[in-house]
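Input: a single structure, listed below in structure tokens.
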Protein chains: 2
Amino acid sequence: MEQLIKYVNEVSPITKEAEDDFLNIFRKGKLTRNDYFATYGEYSSKIAFVCSGTLRAFYRSKKGQEYNKTIFIPPCFIAAYSSLITRNKNQIYIQALEDCEVLIANYTRASELYDKHHCLERFSRKLSESFFVAKEHREIDIVLLSATERYAKFQKDFPGLEQRIPQYHIASYLGVTPTQLSRIRKELSLP
Amino acid sequence: MEQLIKYVNEVSPITKEAEDDFLNIFRKGKLTRNDYFATYGEYSSKIAFVCSGTLRAFYRSKKGQEYNKTIFIPPCFIAAYSSLITRNKNQIYIQALEDCEVLIANYTRASELYDKHHCLERFSRKLSESFFVAKEHREIDIVLLSATERYAKFQKDFPGLEQRIPQYHIASYLGVTPTQLSRIRKELSLP
DNA sequence: AGTTTTTCTTTACATATGTAAATGACTTTT
DNA sequence: AAAAGTCATTTACATATGTAAAGAAAAACT
């Protein structure tokens, strides 16, 4: 719980009263590797704070092909955010890549606290803004960098993770096939 | 100005007092076709509400290649948002594709109003969330749709615009070369 | 109207990446 | 230890898309 409070206050400071109310809606939970936190087609209602472990968010095409759009490492929040905001059915999957310790809360209960504590609304705004910035960075990377450069950036952004998850998940995150990632790796190891 | 107030209230209702303070920081402005609202390397400080006209936001690679990441049509806000949020140098360009009527405000002055009017902070949160959702949709489209499908979606999302801006801007928005867009158009016109 | 500039299309070629299938290396399970 | 399963690499081939350049068409300008 301290990890959560620390994270929140680093995004945007909140009062002690807000801390108490906010912490109170979270419950400890665990996710085992391959467990889903969110799946396609459901109406999402919860958010979670990741204390340990790794997860991925991905889409699946009609033909069943998966595309890893985000990799989550702690400390961070996870949620089927678009679905929570729009109240539409969820389009994405969120799945644990390793066992995770999380703190889970109901999204509606969290957002109800915004009325009571302006500082929490501000925190939420800043968090949302940071999500936007992260997405924009990722967008720039996908468009402006080659697959090889994205691979290098993945290694930098997620140190050590490469050895803990299958390579096809990394390939999918980079937007290439495992075959292509294998070619890239070969290329890098040669000279 | 009514257009702006209508837009804001549709995102998240604000009080009359907030309306007055908010409107007060905006000034009418014009952009002529090809004018830049934001350019790479500067520290951004302003936001604008677009009343009429069209704009594009784009990146430029080291080799000078451009990639249109967003097309703006009214009513909407434009800003080098990531730069405003992070206070880092701006990475993107925003340029008018057609003459535009805009309402311009200083970002800092706008955000200072959040302290005074909680409803404006909420509006800002919801706006930020909607940007996030839009970005996610775009991301899904880029990854899951073919260039041909994205072209169809462009025509649907921006009716009539195709006839008013050069095709290479559309190609860039779709993530393909003008050559490839030309091939796609030919393909579509054949059967 | 004629000239210049801009834009779109087409061609030929190069290249990156995908697909599918086979192989080999590791793990895990029994 | 053997068997089964998972994963990474490799091969051969197909394909989409990029690059560069030329030509055609359209628009803008004088």
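The figures that follow rest on heavy atoms only: side chains count, while hydrogens, waters and symmetry mates do not. We name chains A, B, ... by the order of the sequence lines, and we start the count at 1 in each one.
Comparing A:V176 and B:H169 against DNA chain C, the residue whose closest nucleotide sits nearer the 5' end is B:H169. Where B:T179 and B:R33 each meet DNA chain C at their nearest nucleotide, the meeting point lying more 5' is that of B:R33.
Within the 6.0 Å centre-distance limit, the rings of B:Y59 and B:Y67 are counted as a close aromatic pair. Ring to ring, B:Y81 and B:F77 are not that close: their centroids are 6.0 angstrom or more apart.
Rounded to a whole Å, the CD atom of A:E149 is 13 Å from the P atom of C:dA16. What separates CG of B:L188 from P of C:dC8 is a distance of 16 Å, to the nearest Å. Counting to the nearest Å, the P atom of C:dA12 and the CZ atom of B:R183 are 13 Å from each other. What separates CD of B:Q163 from P of C:dT7 is a distance of 16 Å, to the nearest Å. The OH atom of A:Y67 sits 12 Å away from the P atom of C:dG18 (whole-angstrom rounding). Atom CG of B:N34 and atom C1' of C:dT6 are 12 Å apart (whole Å). Note: CD (B:E187) to P (D:dT17) measures 11 Å, nearest angstrom. In this structure, the OH atom of A:Y151 is 11 Å from the P atom of D:dA8, given to the nearest Å.
Minimum atom distance to the side chain of B:Q180 is reached by D:dG18, of the listed D:dA8, C:dT9, D:dG18. The side chain of A:P166 has D:dA8 as its nearest neighbour among C:dT7, C:dT9, D:dA8.
Counting only residues at least two apart or in different chains, salt bridge (Lys or Arg N to Asp or Glu O under 4.0 Å) contacts with residues 43-61 of chain B comprise B:R56-B:E66, B:R60-B:E66.
B:R185 has a side-chain polar atom (N or O) that falls below the 4.0 Å cut-off from OP1 or OP2 of C:dT9. Residue A:Q167 places at least one side-chain N or O under 4.0 Å from the OP1 or OP2 atom of D:dT9. OP1 and OP2 of C:dC8 both lie 4.0 Å or more from every side-chain N or O belonging to B:Y168. The side chain of A:T177 contributes an N or O atom lying less than 4.0 Å from OP1 or OP2 of C:dG18.
A:E98 is listed as a side-chain neighbour of A:L161, based on a closest heavy-atom distance under 4.5 Å.
Between A:Y93 and A:Y40, the ring planes are parallel. Angles under 30° get that label, and only those over 60° would be called perpendicular.
Looking only at atom types and distance, the side chain of A:R122 has no donor-acceptor partner in the side chain of A:Y114 under 3.5 Å away.
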- Message: I'd like to know whether B:I92 forms a side chain to side chain contact (heavy atoms under 4.5 Å, CB included) with B:F58, so could you lay out the CA-CA distance, the side-chain angles of the two residues, the decisive distance to 0.1 Å, and finally the verdict.
- Response: CA-CA 6 Å; B:I92 66 163; B:F58 66 99; over 6 Å; no
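Rounded to 10 degrees, the angle separating the terminal axes of the helix from C:dT9-D:dA22 to C:dT30-D:dA1 is 40°, with each axis obtained from five end pairs.
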